[in-house]
Structures are given as C-alpha cells and as structure tokens.
Amino acid sequence: MPELPEVETVARQLNAAIAGRRIRHLRLLDPKLRAAGRLSVDDYRIEAVRRYGKQVVFELVPPRKRSVARWLCVHLRMTGRLIHVPAGQTMDATKARAVIELDHGGVLFRDTRRFGTIGIHEDQAAVLPAGVEPLSNELTVARLKELLANSPTPLKTWLLMQDRLVGLGNIYASEICFAAGIHPARPAGRLSDAEIRRLRTAIRRILTAAIKHCGTTFSDFQDSRGEVGGYVKYLKVYHRAGEPCRRCSTPIEKITQAQRSTYFCPTCQPD
DNA sequence: ACCCTCCTGTCA
DNA sequence: TGACAGGAGGGT
C-alpha cells in the first residue's frame, strides 16, 4: 500500500492529531516486533510526526532534560496502517501488532501481512533515508541526471531503488513512466536530457497531486482516520491492463519487471 | 538480472 | 487451488 503520498498523508494527520502528546507506553503485541523495543520510548514526548522516505517517524524528546532524543520509526511495508484513536474512544487492540498509548488517546498499528517494522533510534543519521527526497530542492535536473548516469537498470525498476530516490513504489513508478512518456524498460542511464527533464517533472507532478488527494487506495489503504485515498480515479495505467489508454485508446499492457507488475501504454511510451 | 523469503487475504 | 498484492532484504 503505502508509497510516499500515502505515508505523507498518515504522517501529516498524526502530526496534527498527536504532536505534543506524551507516550505512556509502547505496547508491542506481535513477537516479531520484539527486537524493536530494546530502547524505551515510554514517557517521551512527541515533538512531531514526519515522513522520512517511506517511514513514519515520531520525533521524541526525553522526559528528563539530560537524556537524549529518540526516533520511533514505523515502516508500513505492504499492509501496515496507523490509526489514531482519540481520547475517550475505546482502543480495540485485538487486531493490532502494536499500540502507542498516549496521555490522551493512542495510535494502533495494524498490519495484516506483518511485513511492517518498528525501530527506535538515538541518532537521527540512522533514520535519514539514503536516497534523495524527490520533492526536495535537491532533486534538480542535474542531480537526477547524476543519479541515473550509467545505470543499466530498466527505468521503472530504477525508480523503485530507495538508495537513489526515496518514496516511489510500484503504483507511482508506472504512473511516472507514463506521465514522462518513457517506456519502463528503457535503461535508466540512457535517457536523453529532454527525457530526464520530463521525468523530473512527472515525478514531482504525480507525487504532489497524489498527496493532495491523500494517496491511492488500491485495495486496503486507509489513512489514520480510516479513510481511503482519493487518487485512485486519477491512475492512468496502474492496474488497467487491457483497458484503453486515457490519452490514445491503445490497450494498456502489463509486463513483469524484477518480479513486479508494470503497466504502460505501448503507444504513448514507445520503446 | 534472476530467485526466494517474510505473511495473510482475496479473487479468478 | 493458484496467482497475486502497495515493500524490501537476502542470496546466487
């Protein structure tokens, strides 16, 4: 489910709802998460909730001034959800892998496939993603060209590599290739300057629009308020195999790249 | 570049 | 019953 726009949506909503709250206790219910809890976050105050790459990061300040700040990092992977439960509402933890109990209300971590992870860190450097944030000023045409240089990897697969750009996943990678008019199998390092400019524009335009619509719900994404993402109706190619291209009516094709589905229009994205 | 694995649920 | 699903790490 969650790629950059979905994670951004959840982080913004949680920040608005619980910044300033104190964590009473982080309850790890799924034994798979046991390793996360070696550092405690109990009694820490939530200064802010932000997106780092695809992670939702709770920036924490310690209860006593002498001790050091901590970062509680949640990676939702495929099916993770963070649900804000306001004070006074009963927290149904039966399907939760973890519960963040706050001084007022709390947050449930639900995650059907249990791929999601929780980590607690004491230095921010360990939390910062390796790749470039695609919506930051860092992503100039020149920087993108540098990142792409010499890579033989097919463009769509390249877009999923989190040590280059962070935050893109399977849905938006296909959508971005379509918006840029580039075939997903083109070697990333062999794009023309004009194509690189189109690619950068597409990355920013699609992500910004998707954030504006609170992400994409394909099957089960829900934000922290339990609502679905509104970007689904804007998808041009993802999950539309056989359906007519919205631009030229050619049937959308589906191929497999790096064991994952890719969707594209063979007319709008010539080889 | 290919393979598999971690899990569970849903759909053809 | 098998294919597939928004992610990512590992191995060859």
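Note on naming: letters A, B, ... go to the chains in the order of the sequence lines (proteins, then strands), and numbering restarts at 1 for each one.
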Interatomic distance where [atom1] belongs to [X] and [atom2] belongs to [N] [whole Å]:
{"X": "A:Leu159", "N": "C:dA8", "atom1": "CG", "atom2": "C1'", "result": "16 Å"}
{"X": "A:Arg81", "N": "B:dT8", "atom1": "CZ", "atom2": "C1'", "result": "15 Å"}
{"X": "A:Glu6", "N": "C:dA5", "atom1": "CD", "atom2": "P", "result": "16 Å"}
{"X": "A:Gln162", "N": "C:dG7", "atom1": "CD", "atom2": "C1'", "result": "8 Å"}
{"X": "A:Met161", "N": "C:dG9", "atom1": "CE", "atom2": "P", "result": "12 Å"}
{"X": "A:Arg51", "N": "C:dG7", "atom1": "CZ", "atom2": "P", "result": "14 Å"}
{"X": "A:Met78", "N": "C:dG9", "atom1": "CE", "atom2": "P", "result": "14 Å"}
{"X": "A:Asn170", "N": "C:dC4", "atom1": "CG", "atom2": "C1'", "result": "12 Å"}

Would you say [X] places a side-chain N or O within less than 4.0 Å of OP1 or OP2 belonging to [N]?
{"X": "A:Arg260", "N": "C:dA5", "value": "no"}
{"X": "A:Thr153", "N": "B:dA1", "value": "yes"}
{"X": "A:His75", "N": "C:dG7", "value": "no"}
{"X": "A:Ser261", "N": "C:dA5", "value": "yes"}

Indicate, with a heavy-atom threshold strictly under 4.0 Å, whether A:Thr157 touches base, sugar-phosphate, or nothing.
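Here A:Thr157 touches no strand at all.
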Contact class for A:Thr117 (heavy atom, under 4.0 Å): base, sugar-phosphate, or nothing?
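No contact.
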Main-chain N/O of A:Arg64 paired to A:Ser67 side chain as donor or acceptor, under 3.5 Å
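A pair under 3.5 Å: yes.
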Would a distance-only check, ignoring hydrogens and angles, find a side-chain to backbone donor-acceptor pair under 3.5 Å from A:Glu101 to A:Arg27?
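It does not hold such a pair.
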Give a yes-or-no answer on whether the side chains of A:Tyr172 and A:Glu6 include a donor-acceptor pair shorter than 3.5 Å.
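Indeed, the side chains of A:Tyr172 and A:Glu6 share at least one donor-acceptor pair under 3.5 Å.
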Got a list of side-chain donor-acceptor pairs under 3.5 Å for residues 119-131 of chain A, not counting sequence neighbours?
from: A:Glu122; atom 1: OE2; to: A:Arg70; atom 2: NE; distance (Å): 2.9
from: A:Glu122; atom 1: OE2; to: A:Arg70; atom 2: NH2; distance (Å): 2.8
from: A:Gln124; atom 1: NE2; to: A:Tyr52; atom 2: OH; distance (Å): 2.7

Sticking with atom P, work out how far B:dC7 lies from C:dG10, rounded to a whole angstrom.
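It works out to 16 Å between them.
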Give me the distance, rounded to whole Å, that separates B:dA1 from C:dA5 when you measure between the C1' atoms they each carry.
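Roughly 22 Å separates the two C1' atoms.
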Give a yes or no on whether a salt bridge exists between A:Arg50 and A:Glu59, defined as a side-chain N under 4.0 angstrom from a carboxylate O.
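Yes, charged N to carboxylate O under 4.0 Å.
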Salt bridge or not for A:Asp30 and A:Arg97, using N-O below 4.0 Å?
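Yes, this pair counts.
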How would you list all residue pairs meeting ring-ring contact (aromatic ring centres under 6.0 Å, His included) that involve residues 250-271 of chain A, not counting sequence neighbours?
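Output for this query lists A:His183-A:Phe264, A:Tyr238-A:Tyr263.
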State yes or no: do A:Ile255 and A:Phe178 share one hydrophobic cluster built from I, L, V, M, F, W and Y residues joined by side-chain heavy-atom distances below 4.5 Å, directly or via other members?
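No, A:Ile255 does not connect to A:Phe178 through the hydrophobic network.
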Check the interface with nucleotides 2-6 of chain B: list each N/O to N/O pair with the protein under 3.5 Å, or write none.
from: B:dC3; atom 1: OP2; to: A:Gln259; atom 2: OE1; distance (Å): 3.4

Where along residues 175-184 of chain A does a heavy atom come under 4.0 Å from DNA chain C, residue by residue in number order?
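Contacting residues: none.
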Looking only at the side chain of A:Thr112 (C-beta and beyond, no hydrogens), which of the listed nucleotides C:dA5, B:dG9, C:dG7 gets closest?
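Selected nucleotide (nearest to the side chain): B:dG9.
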Verdict with supporting geometry, A:Arg51 and A:Val57, side-chain contact (heavy atoms from CB on, under 4.5 Å):
CA-CA 6 Å; A:Arg51 179 189 61 78; A:Val57 177; over 6 Å; no
Requiring both pairing distances under 3.5 angstrom, list the stems that contain DNA chain B and are made of three or more consecutive Watson-Crick or G-U pairs.
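Stems (3+ consecutive pairs) listed as B:1-6 with C:7-12, B:8-12 with C:1-5.
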Of all heavy-atom pairs between A:Cys245 and A:Cys268, which one has the smallest distance, and what is that distance?
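Taking A:Cys245 first and A:Cys268 second, the nearest heavy atoms are SG-SG, 3.7 Å.
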Distance-only donor-acceptor hits, side chain of residues 153-169 of chain A, under 3.5 Å, sequence neighbours excluded:
from: A:Thr153; atom 1: OG1; to: A:Ser151; atom 2: OG; distance (Å): 3.3
from: A:Lys156; atom 1: NZ; to: A:Asn170; atom 2: OD1; distance (Å): 2.5
from: A:Lys156; atom 1: NZ; to: A:Ser261; atom 2: O; distance (Å): 3.2
from: A:Lys156; atom 1: NZ; to: A:Thr262; atom 2: OG1; distance (Å): 3.2
from: A:Gln162; atom 1: OE1; to: A:Gly167; atom 2: N; distance (Å): 2.9
from: A:Gln162; atom 1: NE2; to: A:Leu160; atom 2: O; distance (Å): 3.0
from: A:Gln162; atom 1: NE2; to: A:Leu168; atom 2: O; distance (Å): 2.9

Over 12 foreign heavy atoms within 6.0 Å of CZ, A:Arg110:
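Counting neighbours around CZ of A:Arg110, more than 12 heavy atoms of other residues, nucleotides or ligands fall under 6.0 Å, so yes.
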